[in-house]
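Every chain is numbered from 1 and lettered A, B, ... according to where its sequence line falls, protein lines coming before strand lines.
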Amino acid sequence: MPELPEVEVVRRGLLNHLPGRTLTNLSTDGKKMRLPVPVKALKSLTGSRIIDIRRRAKYLLIEMDNGAVMVVHLGMTGILGLFPEGADIDPHDHIRWILDNGYELRFNDVRRFGSIRVVEPDQAQALEQTIFKANGPEPFSETFDGSYLYKKARKKQQPVKNFIMDGRVVAGVGNIYANESLFSAGISPVRKAGAISEKRYILLVEKIREVFTTAIECGGSTISDFLDASGTKGYFQIHFNVYGRRDLPCPICRTPIRHVKLGGRASFFCPACQR
DNA sequence: ATGGCCTCCTGTATGC
DNA sequence: TGCATACAGGAGGCCA
């Protein structure tokens with residue numbers, strides 16, 4: 001489900017409620033997720049207080065007052081949501097943190113492609129060298145610019161869409177926003193990454209940032225099940241120009257939107273506007 | 001080294 | 001209605 005904008009929307013929602021809260025109890029359902037759920041380490045955090053929530057790529061970093069960090073990935077269908085303590089439990093609520101204010105934080109994930117890790121205090125300063133060692137720059141950082149992308153793309157034969165969805169190249173660009181930003185930049189997703197000019201990569205960087213910014217303002221995109229921390233749907237999907245619009249007219253030139261598979265992922269583009 | 005394919009899992013939509 | 005198949009916001013492992 002979530003790409004960078006959705007994860008950022010969840011982060012901002014949680015920021016309104018979690019910092020200052022103490023974890024008073026923990027409950028897990030024993031289901032295996034993408035990584036084994038570190039129940040013991042999670043339990044050891046009860047009694048600790050949440051001080052901040054950050055984001056790196058599509059990961060949420062929940063920072064505790066003892067220096068530990070919970071690193072959460074929502075996978076395809078993960079939801080971090082706040083509920084009144086004792087609210088009805090969904091079969092896919094895998095982890096519940098009871099808070100000191102009558103609420104609980106729940107990690108719900110139908111497909112269980114999500115994950116959670118606990119980084120102990122002595123390792124918390126080294127995340128960039130450990131968990132995020134292979135991750136590319138944040139799309140809003142200064143190191144991510146047209147010249148960076150252009151240099152990184154030299155000799156690359158793969159389609160540019162696969163290239164920008166590679167987390168080692170840039171963090172946070174998933175299938176929806178790869179499609180949408182390539183449309184906005186007028187670049188065909190099937191073009192080889194190594195065959196695109198620096199000038200066009202400069203434009204693409206602008207468009208990725210623009211699309212992300214608007215999507216965050218819209219509360220993310222809800223295709224079927226994305227909800228923010230308070231259970232609210234996003235509405236960026238009404239602004240989709242190409243994603244999921246196979247055979248529908250291009251919003252610019254009315255040419256039917258083409259649909260192809262790239263790297264096993266649904267890809268949509270206007271054959272007239274995108275070259 | 002590069003790039004493409006498969007897998008993890010469940011729910012839903014589509015087709016025969 | 002029933003069943004089989006395809007597909008879905010991710011990402012890491014494997015293989016040629």
Side-chain angles (χ1 to χ4, degrees), chain A residues 1-11 29-37 55-60 71-81 90-94 107-117 130-136 139 152-182 189-195 208 211-212 214-216 218-228 233-240 242-247 259-268:
Chain A
M1 145 211 316
E3 302 182 35
L4 185 147
E6 288 73 30
V7 177
E8 181 61 24
V9 165
V10 171
R11 185 185 79 87
D29 69 356
K31 292 269 179 62
K32 192 166 74 180
M33 304 194 63
R34 186 169 222 287
L35 300 173
V37 176
R55 180 192 56 73
R56 174 70 170 101
K58 298 170 191 166
Y59 293 85
L60 284 167
V71 180
V72 176
H73 196 290
L74 300 176
M76 290 280 259
T77 52
I79 294 173
L80 275 181
D90 179 272
H92 304 293
D93 284 339
H94 304 305
F107 190 175
N108 179 292
D109 188 359
V110 169
R111 292 176 71 181
R112 286 187 272 127
F113 288 172
S115 68
I116 180 163
R117 280 175 280 201
T130 56
I131 291 179
F132 304 123
K133 188 168 49 148
N135 276 85
K152 199 96 178 162
R154 291 312 80 204
K155 308 274 173 79
K156 291 261 181 223
Q157 299 296 306
Q158 68 181 159
V160 62
K161 175 164 175 274
N162 302 35
F163 175 66
I164 61 169
M165 285 179 67
D166 183 339
R168 295 167 301 187
V169 173
V170 56
V173 181
N175 199 35
I176 289 178
Y177 298 105
N179 278 301
E180 292 298 320
S181 52
L182 286 167
V190 303
R191 182 166 295 277
K192 286 178 180 171
I208 289 172
V211 167
F212 275 0
T214 309
I216 291 167
C218 290
S221 300
T222 299
I223 305 296
S224 62
D225 51 18
F226 171 71
L227 299 174
D228 73 9
K233 294 180 177 186
Y235 58 92
F236 184 73
Q237 65 278 6
I238 67 175
H239 298 296
F240 287 172
V242 288
Y243 184 83
R245 296 180 46 83
R246 177 187 345 202
D247 296 338
H259 170 263
V260 295
K261 284 238 170 197
L262 293 175
R265 313 299 297 276
S267 308
F268 305 88

Looking at H73(A), does any N or O in its side chain come under 4.0 Å of the phosphate oxygens OP1/OP2 on dG10(C)?
-> no

Aromatic ring proximity F268(A)/F240(A), centre distance under 6.0 Å = no

Nearest 0.5 Å please: distance from the CG atom of D93(A) over to the CG atom of D29(A).
-> 8.5 Å

If you look at every heavy atom in I131(A) and N135(A), which pair is closest and at what distance?
-> O-OD1, 4.2 Å

Nearest heavy-atom approach of V7(A) to K58(A) is CG2-O, 3.7 Å

So, do S221(A) and Y177(A) sit near enough that their side-chain heavy atoms are less than 4.5 Å apart?
-> yes

Using the P atom as the reference point in each nucleotide, state the distance between dC5(B) and dC7(C) in Å, no decimals.
-> 14 Å

Rounded to whole angstrom units, what separation is found between the CZ atom of R246(A) and the P atom of dA6(C)?
-> 14 Å

Using whole Å, report how far CG of D109(A) lies from P of dA8(C).
-> 18 Å

What does R112(A) touch in the nucleic acid at a heavy-atom separation under 4.0 angstrom: a base, only the sugar-phosphate, or nothing?
-> sugar-phosphate

NA contact type, K31(A), heavy-atom cut-off 4.0 Å: base, sugar-phosphate, or nothing?
-> nothing

Rounded to whole angstrom units, what separation is found between the CZ atom of R168(A) and the P atom of dG12(C)?
-> 9 Å

C1'-based separation of dC6(B) from dA6(C) [nearest Å] = 15 Å

Please report, rounded to the nearest Å, how far the P atom of dG12(C) is from the CE atom of M33(A).
-> 15 Å

From the list Q158(A), K192(A), Q157(A), side chain to side chain contact (heavy atoms under 4.5 Å, CB included) partner of F163(A) resolves to Q158(A)

Is the centre of the F236(A) ring less than 6.0 Å from the centre of the F226(A) ring?
-> no

Provide the start and end nucleotides, 5' to 3', of the part of DNA chain B that has atoms under 4.0 Å from heavy atoms of chain A.
-> dG3(B) to dG11(B)

Is G264(A) touching bases, backbone alone, or none of the nucleic acid, heavy atoms closer than 4.0 Å?
-> nothing

Under 5.5 Å between ring centres and under 30° between planes: does that hold for F113(A) against the base of dG10(C)?
-> yes

In whole angstroms, how far is the C1' atom of dG10(C) from the CG atom of N135(A)?
-> 12 Å

Give S224(A) one of three labels, base, sugar-phosphate or nothing, depending on what nucleic acid heavy atoms sit under 4.0 Å from its own.
-> base

Do E3(A) side-chain atoms and I176(A) backbone N/O form a donor-acceptor pair below 3.5 Å?
-> yes

Which is true for K32(A) with a 4.0 Å heavy-atom rule: it touches a base, it touches only sugar-phosphate, or it touches nothing?
-> nothing

With sequence neighbours excluded, residues passing salt bridge (charged side-chain N to carboxylate O under 4.0 Å, His left out) with R55(A) | E8(A), E138(A)

dG12(C) P sits how many Å from D166(A) CG, rounded?
-> 10 Å

Give a yes or no on this: more than 12 heavy atoms of other residues, nucleotides or ligands lie within 6.0 Å of atom CZ of R154(A).
-> yes

Any stem touching DNA chain B, meaning at least three consecutive Watson-Crick or G-U pairs under 3.5 Å, ordered by first number, would be B:2-8 with C:10-16, B:10-16 with C:2-8

What integer distance in Å separates I131(A):CD1 from dG12(C):P?
-> 11 Å

Give the rounded distance in Å between these two atoms: NE2 of H259(A) and P of dC7(C).
-> 8 Å

Counting any heavy atom closer than 4.0 Å, what does Y59(A) reach on the DNA or RNA strands: base, sugar-phosphate only, or nothing?
-> sugar-phosphate

Across the strands shown, which category fits Y243(A) at heavy-atom distances under 4.0 angstrom: base, sugar-phosphate, nothing?
-> sugar-phosphate

